[in-house]
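Reading through the structure tokens given below for one structure.
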Amino acid sequence: METVLSGIRPTGNLHLGNYFGAVKNFVKMQHKNKCFFFIADYHSLTTHPTPADLHEGVKNVLAEYLACGLDPDVATIYIQSDIPEIPELYLLLNMIAYKGELERTASFKEKIRKQPENVNAGLLTYPVLMAADILIHRSHKVPVGKDQEQHLEMARKIARRFNSMFKTDWFPEPKAYNFGEELIKIPGLDGSGKMGKSEGNGIYLIEEPKSIRKKIMRAVTDSGPTEKNQTMPDSIQNLFTIMNAVSEQETIDFFRDKYNNCEIRYGDLKKQLAEDVINFTEPIREKILEIKSDSAYLQRVVNQGAEQARESAKKTIDEVRRIIGFKPF
Ligand code: TRP
């Protein structure tokens, strides 16, 4: 069975884009592979969150993952900072990662531009920590979005370099996990591309119905079709894409016909879409709130995850230390 690892920075609540673009697929994937899902709280330190935000962020993602159906008895769900073997491997890998190649990564260059006042060494070595996350379980596959592909490439490079330097094949080269057809890209409500890309263009799983209605009613539309069966502009297509994810086929067909016959009223379409989104999110929202208020359960999940992840991590780090040449006297 292949080992699959997925990481997420705890810097925001999960939105519909995260759900249909990843988490929904994770729920299925966990039964077909040996899966590790972890929350990359060390990575989030690069942007200096407050202590309260750091903790709240981790708790949110954890509760949201669990509410969506990630099962701690099926997959290993853990918090990065609970696994001391990860920073140890990070330290060791830092010795074979080069300043020049790290400075050339797109994400580092972007951070220099975006936060020139905080270009810390953690930002520079962000890809090394990510390589440690991946290699600590000798993962074969990592589901990543476009923005993380270069980091995954770096993890492969580091794995190859370690293997050739120490004449071993200890680390497999981690490849991208591809969901193919099953991946649904949910657009944002402001027509500016992917959901989550910009502030306020997302619908969150934890969002209250009232707020969801308001956001959807405010979504950008045009002045309406003027010819039968004309192609939809992006703003309208976006609403239908969300509808495709959450509504009954009948509803989708109904509004598509209305559009094609130039009889559509966007107000009606949005009202229906808002109710269908709420129907979808409301049970998840309730679950999130229930889980978040159950500290004993969260504690159990986190402890169990840490124990399993450390068992796997220890095997790797022991072997890595041996390969590098650390020996007991
Ligand atoms: N860098 C990833 C992101 O921002 C999060 C992450 C950290 C990650 N470590 C990882 C993803 C290891 C996959 C594997 O989205």
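Counting convention: from 1, in listed order, for ligands and their atoms alike. As the structure is a computational prediction, the values presented were derived from the model and not from experiment.
Residues E290 and K287 are not paired through a salt bridge, judged by the lack of any N-O separation under 4.0 Å between the basic side chain and the carboxylate. No salt bridge links E85 with K315; every basic N to acidic carboxylate O contact stays at or beyond 4.0 Å. At a threshold of 4.0 Å, the pair E282-R285 counts as salt-bridged, since one of the basic side-chain nitrogens sits closer than that to a carboxylate oxygen.
In terms of the ring pair (Phe, Tyr, Trp, His ring centres under 6.0 Å) criterion, H140 has no residue partners (sequence neighbours excluded).
Every protein residue with a heavy atom nearer than 4.0 Å to ligand 1 is included here: L5, G7, R9, F38, A40, H43, Y126, M130, D133, I134, V142, Q148.
Heavy-atom minimum distance, N118 versus L123: O-CD1, 3.3 Å.
For Y90 and Y42, the ring centers are positioned 6.0 Å apart or more.
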